[in-house]
Amino acid sequence: MGVFASTDDPGSAGHEQVVFCQDRQSGLRAIIGIYSTALGPALGGTRFYPYASEAAALADVLDLSRGMAYKNALAGLDLGGGKAVIWGDPDQLKSESLLRAYGRFVQSLGGRYYTACDVGTFVADMDVIARETRYVTGRSVEHGGAGDSSVLTAWGVFQGMRAAAEHVWGTPSLRGRRVGVAGLGKVGRHLTGHLVDDGAEVVATDVDPRALAWARTNHPGVTLVDDTSALVAADIDVYAPCALGGALNDDTVPALRARVVAGAANNQLAHPGIEKQLADRGVLYAPDYVVNAGGVIQVADEIEGFNFDRAKLRATRIFDTTRQILRLADDEGVPPAVAADRLAERRMAEVGRLRAIHLR
Ligand code: NAI
């Protein structure tokens, strides 16, 4: 399928711009997708990944950049949605010259697109990219950056979970609730800390023994179970997927005992019909891209000159946004993910419209 046909999404205005970048010597092959700049410059990370084909890389960047437009809109940011992919194995291909070549292409867009970290790219890579472009965030603290975004991602997930708890049980407190955390990585660990502080009982799992050892040392009160299927089937009130995408699928949803799902993982719904299955089982799903926006809020703050307290305040508002979405979903009789999309589209239309007012 051609690029124009790929971006011709019937449910939207389509992508504004798709840029292919190549530097033969360093091996750079990148695609930058700008879905929307209705709210401001497009912000989204760079995924460095060995895609099976060019078509797969293109499909991913289009999907991810559209998702960022919605996430940034609901996070209340004055930023549009974009994303980039670098096609190749980062372990083999990543070099100073490749990253700097990429930085020059980002710079060439003149601020229409800001990049940041994603799968396969790290804070140190952003520091290298920043030697060629001003339009990069998520740099190291030493370079004036926001540093590790999992800190506010976890804080935002905790706020979204509190709003979902309030919706179901009438109180946002998680005291006495059993919360299942799948994935004790960067986000899962911070989230566990917030939950324990709030008086929740945490049940957790991870495939990495080092993550389990971390839990035993730092939170001996956390109950560890063998794997995600054991966690899902456990007697938990809240399920927090914090590992990989597709956590809510045809196997996990029928087994799920939790009343609430709120977690950090991106793309938790394995396919569109899953939402209905969750609703039919009386499970309240707090949309992933709403509750995990703390990370993008953290790196977006860097554009103004990073201030942790200001960024944390913005991430705290994920509580209000989640609450608004859950209420809207009830009022309009739609699943929360549909309500979230509607709210994002409304903000893009209402605020984006103001750009039609001419300014000298
Ligand atoms: P991470 O890589 O630090 O942690 C992931 C953890 O999940 C690891 O400890 C890993 O061993 C574990 N894991 C992998 N497969 C598993 C399985 N089958 N069962 C149980 N555990 C498993 O990643 P991080 O940064 O904590 O992110 C977690 C999720 O949140 C990812 O899906 C990520 O895309 C998403 N996310 C992260 C943000 C951030 O700022 N770090 C921002 C928004 C979303």
Side-chain angles (χ1 to χ4, degrees), residues 74-75 148-206 211-225 228 230-232 234-243 247-248 256-265 268 282-295 297-298 308-327 336:
L74 280 185
D148 177 9
S149 63
S150 65
V151 174
L152 289 186
T153 300
W155 180 247
V157 170
F158 178 57
Q159 297 306 325
M161 194 186 285
R162 291 176 66 245
E166 180 194 62
H167 200 80
V168 171
W169 295 297
T171 165
S173 171
L174 292 155
R175 172 164 294 280
R177 302 278 169 219
R178 279 168 69 85
V179 182
V181 179
L184 289 169
K186 294 185 290 296
V187 179
R189 292 180 195 197
H190 290 299
L191 179 62
T192 298
H194 299 315
L195 291 167
V196 169
D197 288 349
D198 202 30
E201 211 181 305
V202 177
V203 186
T205 189
D206 198 292
L212 302 177
W214 172 87
R216 283 192 198 97
T217 307
N218 294 280
H219 294 288
V222 168
T223 306
L224 296 172
V225 296
T228 307
L231 184 75
V232 164
D235 181 18
I236 51 173
D237 300 303
V238 180
Y239 174 41
C242 294
L248 300 168
L256 194 61
R257 295 175 67 184
R259 287 282 315 278
V260 166
V261 177
Q268 287 170 30
V283 179
L284 184 74
Y285 167 65
D288 47 16
Y289 79 83
V290 178
V291 303
N292 74 13
I297 290 173
Q298 183 167 338
F308 182 78
D309 293 337
R310 178 179 59 205
K312 185 172 180 185
L313 197 65
R314 281 186 179 143
T316 305
R317 292 195 195 117
I318 289 175
F319 179 91
D320 302 315
T321 309
T322 308
R323 178 197 257 166
Q324 189 185 0
I325 286 163
L326 298 178
R327 287 183 182 166

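Asp237 and Ala258 get closest at one heavy-atom pair: O-CB, 3.5 Å. Counting all heavy atoms, side chain and backbone alike, Leu284 lies closest to Ala164 at CD2-O, 3.8 Å. Residues Tyr239 and Thr228 share a closest heavy-atom pair of OH-CG2, 3.5 Å.
Between the Asn218 side chain and the Trp214 main chain, a donor and an acceptor come within less than 3.5 Å of each other. Checking side-chain atoms of Thr153 against main-chain N and O of Gly295 turns up a donor-acceptor pair under 3.5 Å. Of the possible donor and acceptor atoms, none in the side chain of Glu166 sits under 3.5 Å from a partner among the backbone N and O of Arg323. Between the side chain of Asp288 and the backbone N or O of Gln268, at least one donor-acceptor pair lies under 3.5 Å. In terms of modelled atom types and a separation under 3.5 Å, the side chain of Arg178 and the main chain of Asp235 share a donor-acceptor contact. A donor-acceptor contact shorter than 3.5 Å links the side chain of Arg189 to the backbone of Leu184. At distances below 3.5 Å, at least one donor-acceptor pair connects side-chain atoms of Asp148 with backbone N or O atoms of Ser150.
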For a side-chain contact (heavy atoms from CB on, under 4.5 Å) check, start with the C-alpha distance between Val260 and Arg177, then their side-chain angles and the critical distance, and finish with the verdict. CA-CA 11 Å; Val260 166; Arg177 302 278 169 219; over 6 Å; no

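A side-chain donor from one of Arg162 and Gln159 sits under 3.5 Å from a side-chain acceptor of the other.
Under the 6.0 Å cut-off for aromatic ring centres, His190 and Trp155 do not qualify, their centroids lying 6.0 Å or more apart.
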